[in-house]
S.K.: 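Shown below is the structure under consideration.
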2 protein chains.
Amino acid sequence: MTEYNDKQLEILKAAEILFASEGFDGTSIRSIAKAAKVNIAMISYYFGSKEKMLEALIIYRTSDMKMQLDIISKENLTPSEKVDRLIDLYISRINKNKCMYQILHFELSTKKRIMDMKAFTDVKRQNMEAFTKIINEGQEQGIFRKDVNINLIPPTIMGTLVHFQMNRPFFEAHLGIATDEAYEDYIKNELTIHIKQTIKALLVYEN
Amino acid sequence: MTEYNDKQLEILKAAEILFASEGFDGTSIRSIAKAAKVNIAMISYYFGSKEKMLEALIIYRTSDMKMQLDIISKENLTPSEKVDRLIDLYISRINKNKCMYQILHFELSTKKRIMDMKAFTDVKRQNMEAFTKIINEGQEQGIFRKDVNINLIPPTIMGTLVHFQMNRPFFEAHLGIATDEAYEDYIKNELTIHIKQTIKALLVYEN
DNA sequence: GTTTAAATTAAACGTTTGTTTAAATTTACT
DNA sequence: AGTAAATTTAAACAAACGTTTAATTTAAAC
C-alpha cells in the first residue's frame, strides 16, 4: 500500500519503541524526533500529526501480521500437532511484535483516541476462524472434546503470555530471573510448555 | 494508615476513573478537578502533586486488596473445590477493581514512573503463596498432577480474564454481545466456567 | 545551468500542562 | 466574639506541548 522512505521508517521505529515504553501521551514529538535524529517538523511534514503517525504506525505493523494459520490447517499433521504449531506461532509473533502489542493493548482499552484498528481486528477475526477450523477438525475426528468454548481458548493462550510479559518485574523477582535473555528463554521453554500442556489438557481426551 | 476526608476521596474516585480510561498522562488535573467538583489547586494542596496522588491512589486501593485466600485454604473443602473458590475470588476481585487493574497494568509496563508498587507486589506474592499451598495440598492427596508449573497457573487465570476485558470491542462484535450487562454476565458465567474447566483439566487426573 | 519541487531547518505560534501564590473564606477552639 | 488554623478560590507562573511558518538547502527534471 503506502511506501515509506528511510527517514519515515526511522521515525516510525523510534516512535514505536517510545510509545511502547512511555505511552502515546507520555511521549513528546520532540523525544521522537531526537531518537530518530530528525527535525521535529518532519513528523507533521510526513504524517500530518502525531496522532496520524500513530495510526500509520499501527496500520504499517498490523498489516503484515497475517499469520500462516491457513498453511498450518492444510499441513499433514494431527489436530494435536496443529494446536502445538499454532501456539508456537502465537508466541513467536507476539514476541516479535512486543512493542506493537503493548501499544495496541493500551490504545484498545482507552477511549481517548478512537482509531481505525480495523486492520488489527481483521487479523484477530481471521485467527479466530483458522483456530476454530482446526479445533473442529479434531472434534470431528473424535480426538478433541466437544464441551469446550472455542472462543475462549485464544484468550487463554494470548492472555497467559501477555500477563507474563506485563508483570515481568514480579516474575523476575519471584522466579529469580536476572537477565533479559533468561526471561526470553523462560518464555520460549517453560511458558510455551505450560500453555501447550494447558490447552491440550482442556482439549484432548485422556489416554 | 492514612485517613482521607470526603473531598480527598472524591478526588481519588474521579482520578481513578479518568486514569483508567484516559491514562495518567492523558488525564489533566483540570479534568480531575472538574469531575471531582473541586478547585484545581486542591490536588496539590492535599496530595502534593499529580504523581503523588497516583501513588496515594494505588496504595489506597491495593492495601485493602488482600484476599481471603488464607480463609479458603483453611475451609473444609476438597482441593478441587478450593480451586473453584479461588477462581471465583480472583474474578470477582478483578471485576470489582477493574479501573485499578487497568491503571496498574499500564504503570507496571511503563518505565516512566518508577513508583513503589510494593503494596501491589506484596499482594501478588501473597496470592501466589496461598495458591501454591492449595495446589500442593491436592498433590499430596494424589488428586492433582505433579508435572505442572504452579507459578504459571495464576497468569493463565488472570491473563484470560484480563485479555477478555481488554479486547472487549472485538469480543462484543464476535460474540454478538450488545450491552454492558450482557458482557458482565458472559464473564460471570461462560468465562468463569471456561477458566475453571481449563485449570481443572490441567490439574485433576481423569476420572 | 536553470528551474521546479521536495526536504530540512530554526524559530515562533498559541495552547495546555502541573504547580504556586496570595487573598478570601470557612472551620475550630478558647 | 475573637483568634488561629485549615480550607478554598481565582489568578498567575514558567515549562512543555503539538503544530505552523517562512527561509534555506538538497535533489530532480529539463
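In this text, all values refer to a predicted model and were calculated from it rather than measured experimentally. Chain letters run A, B, ... following the sequence lines, proteins first, then strands; residues in each count from 1.
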S.K.: Let me confirm one number: the CG-NZ distance from B/N95 to B/K188, rounded to the nearest 0.5 Å.
M.R.: 6.5 Å
S.K.: Could you label the plane-to-plane angle of the A/F106 and B/F106 rings as parallel, tilted or perpendicular, counting under 30° as parallel and over 60° as perpendicular?
M.R.: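 Aromatic pair A/F106/B/F106 classed tilted.
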S.K.: Name the nucleic acid region contacted by A/I40, choosing base, sugar-phosphate or nothing; use a 4.0 angstrom heavy-atom cut-off, strictly under.
M.R.: base
S.K.: Rounded to whole Å, how long is the line connecting atom CZ of A/F47 with atom C1' of C/dT8?
M.R.: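 Between C1' of C/dT8 and CZ of A/F47: 15 Å.
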S.K.: Let's test this: given Watson-Crick or G-U wobble pairing with both distances under 3.5 Å, identify the partner of C/dA7.
M.R.: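 By the stated definition (distances under 3.5 Å), D/dT24 pairs with C/dA7.
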S.K.: Would you call the rings of B/H163 and B/F171 parallel, tilted or perpendicular, where under 30° means parallel and over 60° means perpendicular?
M.R.: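 It falls in the perpendicular class, over 60°.
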S.K.: For A/I29 and D/dT19, what is the distance between atoms CD1 and P respectively, to the nearest whole Å?
M.R.: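 Value for this atom pair: 5 Å.
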S.K.: May I ask you to verify if any side-chain N or O of A/K7 is less than 4.0 angstrom from the OP1 or OP2 atom of C/dT8?
M.R.: yes
S.K.: Nearest whole Å is fine: how far is D/dT8 P from B/I43 CD1?
M.R.: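 Atom-to-atom, B/I43 to D/dT8, this comes out as 13 Å.
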S.K.: Heavy atoms, side chains only, cut-off 4.5 Å: are B/I195 and B/K200 in contact?
M.R.: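 B/I195 does not reach B/K200 side chain to side chain.
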S.K.: Do A/E22 and B/T110 have a side chain donor and acceptor closer than 3.5 Å?
M.R.: no
S.K.: For A/G26 and for A/G48, locate the closest nucleotide of DNA chain D by heavy-atom distance; then report the residue assigned to the nucleotide nearer the 5' terminus.
M.R.: A/G26
S.K.: Rounded to the Å, how far apart are A/K112 NZ and C/dT16 C1'?
M.R.: 11 Å
S.K.: Whole angstroms only, please: what is the CZ-C1' distance between B/R30 and C/dG18?
M.R.: 7 Å
S.K.: Consider the side chain of A/M42, meaning its heavy atoms from C-beta on, and name the nucleotide among C/dG18, C/dT8, D/dT19 that approaches it most closely.
M.R.: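 Out of C/dG18, C/dT8, D/dT19, the nucleotide with an atom closest to A/M42's side chain is C/dT8.
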S.K.: Send over the distance from A/L18 CG to D/dG18 P, rounded to a whole Å.
M.R.: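 From A/L18 CG to D/dG18 P: 12 Å.
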S.K.: Check every atom of D/dG18, C/dA7, C/dA10 against the side chain of A/A41 and return the nucleotide holding the closest atom.
M.R.: C/dA10
S.K.: Can you identify which nucleotide, out of C/dA7, D/dA11, C/dG18, has its nearest atom closest to the A/Y45 side chain?
M.R.: C/dA7
S.K.: Could you check how far CG of A/N5 sits from P of D/dA28, rounded to whole Å?
M.R.: 12 Å
S.K.: Whole-Å distance between C/dG18 P and B/I11 CD1?
M.R.: 14 Å
S.K.: Taking 4.0 Å as the cut-off, does a side-chain nitrogen or oxygen of A/Y46 come that near to OP1 or OP2 on C/dA6?
M.R.: no
S.K.: Specify the residue among A/S28 and B/N39 whose closest nucleotide of DNA chain D lies further upstream toward the 5′ end.
M.R.: B/N39
S.K.: Within the structure shown, what part of the strands sits under 4.0 Å from B/T27 by heavy-atom distance: base, sugar-phosphate, or nothing?
M.R.: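 B/T27: backbone/sugar contact only, no base atoms under 4.0 Å.
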